[in-house]
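Notes follow once the structure below has been shown.
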Amino acid sequence: MASLVERRRAGAEAGIEADTAAGGERIAPLVIDPASVVLERPKNREHGDWASNIAMRIAKPLGANPREVAAELASGLEKLEGVASVDIAGPGFINIRLDAAAAGQLAHAIVEAGPEYGTGDLYAGVTMNLEFVSANPTGPIHIGGVRWAAVGDSLARILQAEGALVTREYYFNDHGEQIDRFARSLLASYEGQPTPEDGYGGQYISDITDRVVAAYAERVAADGAAELASLPAEEKQEVFRSIGVELMFGDIRQSLHDFGVDFDVYFHENSLHDSQAVERAVARLRDAGHIFEKDGAVWLRTTEFGDDKDRVIIKSDGNAAYIAGDLAYYLDKRERGFERNLIMLGADHHGYVGRLMAMTAAFGDTPYVNLEILIGQLVTLLRDGVPQRMSKRAGTVVTMEDLVDAVGVDAARYALVRSSADSQLDIDLDLLTKRTNDNPVFYVQYAHARTQSVARNAASVGVDRSVFDASLLDHETESILLGALAEFPRVVRQAAELREPHRVARYIEEVAGDYHRWYDNCRVTPVGDEPVTDVHRSRLWLNDATGQVIRNGLGLLGVTAPERM
RNA sequence: GCGCCUGUAGCUCAACGGAUAGAGUAUCUGACUACGGAUCAGACGGUUGGGGGUUCGAAUCCCUCCAGGCGCACCA
């Protein structure tokens, strides 16, 4: 099986905006891989506003010197409106510099576009189901789950910005062995017994136990149900199971909500079993000839579709295996009309990818397209640099609430979303708690607050946006800031394509830095008795445009953009 | 043993196959009688884990070795 990232990238749409129209005729008939040609904003500003490697790409098939090809192209580019200069550099880069007026026009465009700036149509009208978190209702969401809450919700926002019709979905696993363990743990707690061998421990278990007892007591009072203590053991455990799961579910929803994450659908696994959906899914696969029986169990021949081994769907004891729910669930999503189904899983579940992709193929769908599984690496929790072992059984779990209580929602979300999900993340609670200024979120938020402060000051001294002359935005820091602002749409697009929200975070950090440096060099309001000029007015547009971009970017991350700090 | 992810500055992490590998933080030096100093300017800091290969060009792609994390059920 090819690497997931590779498959993901191969399936992503290539974004090519190189304009070859300015080239001569000898280039037209060439066949080159468009994905290898890039028109980009160079890292180094001395290389101009835009740069392209096209000459180096096409030199070989042409049998020509890259610099000569570049020169030919450059002569055409120089004639374009708004282009100030075109240089050939290094092995054959074409560096394009725009005149200030052309570059500055962007500030006006951003302010006009407002919240729409940065959005695109990459996935216009595409129905997407994004499933994430889906933690078992056997305890509070721990720190690993919080990462998916932050990354998943942000990804949903980014995909929506590209026009996707996204449904956020939480698969609520309320069926099976884990839940039974949870129920047994509650019962044990109620009866003063030690935590069962395979059960859950910790303070929250006794808390939930007390609440179940209280909730059941209300039921007794209301409709005369039998006293809890008088129930047979089996019924007693069922009381703890049903009410305990319900309470846990409510708690999880609440903490996610407090974290700024609300799902459109909380899907209960139980409903799949109750509605015969599992049977229907199995029947469908059986009709397709992918089912066989062996050793008293029902199997899905996943090896036919690249899986390591065939998988049991119905165990020999007649109960459905876990994957049976997945089959029915996937089918349900497809029947609800989702073209693309994304599931975010922790690295501890990446072993499922093969079988789920095989399942997709068995249903006649296309793996990695109709179903896409995003694997994220786990979070290591540190305390003063020492890794902490978390154990649900021992109850030594750091929860979502713990993290939010320590650093707040904005800082927590930002810290979790600013790194690639491919890399393991170390979170040092003590560090985050003691020195919150270390979190770059404050740098970005401060930049936004500063744009708002500048706007307020401008208004108070009579600087308004009645005039906009882009050619007056010609300071070096303005050129850099404008260049950064221009990147936003492609950053959003790339973050959506690659499913990598962290790109947005890194980007707004750069914008914040460029803004602070501009602020240091260019005043929006006049000093002392100086009259208000069009320079001030034009700069106000740039100030407001920057605020808009940071606001839009923070919005994609689910982080607030404060007016003041 | 097989598979997936990772290895980049003291630390936490970026970098669409491109130009001199970047930020934050830490350490050191500077800048407020100017729109918020939660800021800015500068310095220090790297054999991108090691070794091969592909390419005009590799942190990025391929092979191999080393190290760490996580998986390889008729458990969920």
Side-chain angles (χ1 to χ4, degrees), chain A residues 1 3-6 9 14-15 35-36 38 40 42-44 46-47 51 53 56-57 59-60 66 89-93 95 136 138 173 175-181 198 269 294-299 308-309 311-317 319 321-323 325 346-354 375-378 380 385 415 418-428 431 435-440 442-443 445-447 449-450 453-458 460-461 463 490-491 494 497-498 502-503 505-506 509-510 513 516-517 519-528 536 543 564-565:
Chain A
M1 184 169 56
S3 110
L4 292 175
V5 174
E6 208 176 295
R9 295 195 174 161
S36 69
V38 178
E40 62 176 0
K43 277 183 269 188
N44 187 337
E46 290 170 18
H47 295 138
N53 65 349
M56 289 174 289
R57 287 265 78 98
K60 190 166 236 180
F93 287 102
N95 295 334
N136 285 344
T138 56
N173 181 232
H175 182 94
E177 179 60 22
Q178 308 260 21
I179 295 297
D180 292 342
R181 287 181 195 166
D198 54 2
E269 184 189 359
K294 194 179 84 177
D295 304 333
V298 178
W299 298 65
D308 300 334
K309 54 194 77 169
R311 304 293 170 179
V312 168
I313 298 177
I314 308 293
K315 297 185 276 188
S316 54
D317 65 5
N319 288 319
Y322 184 76
I323 192 175
D348 52 340
H349 289 78
H350 77 248
Y352 304 162
V353 174
I375 298 296
Q377 299 302 308
L378 304 177
T380 308
R418 80 181 284 267
S419 298
S420 160
D422 280 341
S423 68
Q424 289 170 43
L425 201 54
D426 289 340
I427 294 281
D428 194 319
L431 206 68
R435 306 217 300 272
T436 52
N437 280 354
D438 284 358
N439 194 325
F442 298 106
Y443 184 77
Q445 288 186 315
Y446 181 66
R450 186 172 249 183
S453 169
V454 167
R456 285 191 297 270
N457 290 332
S460 72
V461 298
V463 176
R490 75 174 51 212
V491 168
Q494 191 179 30
E497 272 185 326
L498 301 178
H502 77 272
R503 290 173 185 278
R506 298 294 170 158
E509 287 174 28
E510 187 188 324
H516 284 310
R517 284 182 281 277
Y519 172 91
D520 227 48
N521 286 280
C522 301
R523 292 188 55 91
V524 172
T525 58
V527 181
H536 301 117
N543 178 77
R564 294 184 166 82
M565 291 180 73

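What you see is a predicted model, and the numbers here were worked out from it, not measured in a lab. Throughout, protein chains are lettered first and strands after them, A, B, ... in sequence-line order, and every chain is numbered starting at 1.
Relative to the side chain of A:Q424, the nucleotides B:rG68, B:rG36, B:rC40 differ in distance, and B:rG68 lies closest. Nearest nucleotide to the side chain of A:V527, out of B:rG18, B:rA34, B:rA38: B:rA34. For A:H516, counting side-chain heavy atoms from C-beta on, the closest listed nucleotide (B:rC70, B:rU39, B:rG18) is B:rU39. Here the side chain of A:A297 is nearest to one of B:rA38, B:rC40, B:rC74, namely B:rC74. Candidate nucleotides B:rC74, B:rU6, B:rC40 were compared by shortest atom distance to the side chain of A:D422, and B:rU6 ranks first. Of the candidates B:rA15, B:rG36, B:rA34, the closest approach to any side-chain atom of A:H502 belongs to B:rA15. Of the candidates B:rU39, B:rA14, B:rG71, the closest approach to any side-chain atom of A:H350 belongs to B:rG71. Side-chain atoms of A:V312 lie closest to B:rC74 of the nucleotides B:rA19, B:rU39, B:rC74.
Spacing between B:rG37 and B:rA31 at atom P, rounded to whole Å, works out to 16 Å. Annotation: B:rG57 and B:rA19 have their C1' atoms spaced 10 Å apart (nearest Å). As rounded to the nearest Å, B:rG53 and B:rU6 have P atoms that lie 25 Å from one another. A distance of about 16 Å separates the P atoms of B:rG49 and B:rA67, rounded to the whole Å. Here the separation of B:rC61 from B:rG17, taken at their C1' atoms, is 8 Å to the nearest Å. Only the P atoms considered, B:rU25 is 23 Å distant from B:rG7, to the nearest whole Å. Taking atom P on both nucleotides, B:rA43 is separated from B:rC2 by 49 Å, rounded to a whole Å. Using atom P as the reference point in both B:rG3 and B:rU20, the two lie 37 Å apart (nearest Å).
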### Message
Under the criterion side chain to side chain contact (heavy atoms under 4.5 Å, CB included), I'd like the reasoning laid out for A:Y322 against A:N173: C-alpha separation, chi angles, the key distance, then a yes or no.
### Response
CA-CA 10 Å; A:Y322 184 76; A:N173 181 232; 3.6 Å; yes
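A:L425 comes within 4.0 angstrom of the backbone, heavy atoms only, and of no base. A:S420 comes within 4.0 angstrom of the backbone, heavy atoms only, and of no base. Among the atoms of the strands shown, base atoms are found under 4.0 Å from some heavy atom of A:Q377. Within the nucleic acid shown, A:D180 has no heavy atom closer than 4.0 Å to any nucleic acid atom. Among the heavy atoms of the strands lying under 4.0 Å from A:A89 is at least one base atom, whether or not backbone atoms are also near. Looking at heavy-atom distances under 4.0 Å, A:S419 makes contact with sugar-phosphate atoms alone, never a base. If you check every strand for non-hydrogen atoms under 4.0 Å, A:R517 touches sugar and phosphate atoms only. Residue contacts shown for A:R456 are absent, as no nucleic acid heavy atom lies under 4.0 Å away. Heavy atoms of A:N173 sit under 4.0 angstrom from primed sugar atoms or phosphate atoms, though from no base atom. Using a 4.0 Å heavy-atom cutoff across all strands shown, A:Y519 reaches at least one base atom of the nucleic acid. Among the protein residues, A:S423 comes within range of the sugar-phosphate backbone only, with heavy atoms under 4.0 Å from sugar or phosphate atoms but none that close to a base.
Annotation: the span from A:R450 atom CZ to A:M565 atom CE amounts to 11.5 Å, rounded to 0.5 Å. Distance check, rounded to the nearest 0.5 Å: OG of A:S423 to NE2 of A:H502 gives 8.0 Å. The distance from the CD atom of A:Q377 to the NE2 atom of A:H350 is 8.5 Å, given to the nearest 0.5 Å.
Atom C1' of nucleotide B:rC72 and atom NZ of A:K309 are separated by 6 Å, given to the nearest angstrom. Rounded to an integer number of Å, the gap from OH of A:Y443 to P of B:rG37 is 13 Å. Here the C1' atom of nucleotide B:rC32 and the CZ atom of A:R450 are 12 Å apart, to the nearest Å. At whole-Å resolution of the value, CE in A:M56 and C1' in B:rA58 are 14 Å apart. Atom pair A:N521:CG and B:rU39:P shows a separation of 16 Å (rounding to whole Å applied). A straight line from CG of A:N439 to P of B:rA38 spans 17 Å, rounded to a whole angstrom. Following rounding to the nearest Å, A:L498 (CG) and B:rU60 (P) show an atom-to-atom distance of 18 Å. If you take CG of A:L378 and C1' of B:rG71, they are 10 Å apart, rounded to a whole angstrom.
Residue order along RNA chain B, read from the 5' end via each residue's closest nucleotide, puts A:F93 first among A:C522 and A:F93. Remark on RNA chain B: of its neighbouring residues A:G346 and A:A321, the 5'-side contact belongs to A:G346, judged by nearest-heavy-atom nucleotide.
Taking only distance into account, the side chain of A:D348 never meets the base of B:rG71 through a donor-acceptor pair shorter than 3.5 Å. At a cut-off of 3.5 angstrom, counting only N and O atoms as typed in the model, there is a donor on one side and an acceptor on the other between the side-chain of A:N95 and the base of B:rA19.
Between A:Q424 and A:D422, the closest side-chain pair of non-hydrogen atoms is not below 4.5 Å. Side-chain contact between A:V312 and A:V298: absent, with no pair of heavy atoms (C-beta onward) separated by less than 4.5 Å.
At distances below 3.5 Å, at least one donor-acceptor pair connects side-chain atoms of A:D317 with backbone N or O atoms of A:N319. Judged by distance alone, the side chain of A:W299 and the main-chain N or O of A:K294 form a donor-acceptor pair under 3.5 Å. Judged purely by atom type and a 3.5 angstrom limit, A:H516 has no side-chain atom pairing as donor or acceptor with the backbone of A:G513.
At least one side-chain nitrogen or oxygen of A:S453 sits closer than 4.0 Å to the OP1 or OP2 atom of B:rG36. At the phosphate of B:rA14, neither OP1 nor OP2 sits under 4.0 Å from any side-chain N or O atom of A:R418.
Using Watson-Crick or G-U wobble geometry with both donor-acceptor distances under 3.5 Å, B:rC40 finds its partner in B:rG30. B:rG7: Watson-Crick or G-U partner is B:rC66, with both key distances under 3.5 Å. In a base pair of the Watson-Crick type (N1 to N3 plus N6-O4 or O6-N4) or a G-U wobble (N1-O2 and O6-N3), with each distance short of 3.5 Å, B:rG1 is matched with B:rC72. Figure legend. B:rU20 is base-paired to no nucleotide; pairs are counted as Watson-Crick or G-U wobble with both atom distances under 3.5 Å. Under the Watson-Crick or G-U wobble criterion, with both distances below 3.5 Å, B:rU60 is left unpaired in every strand shown.
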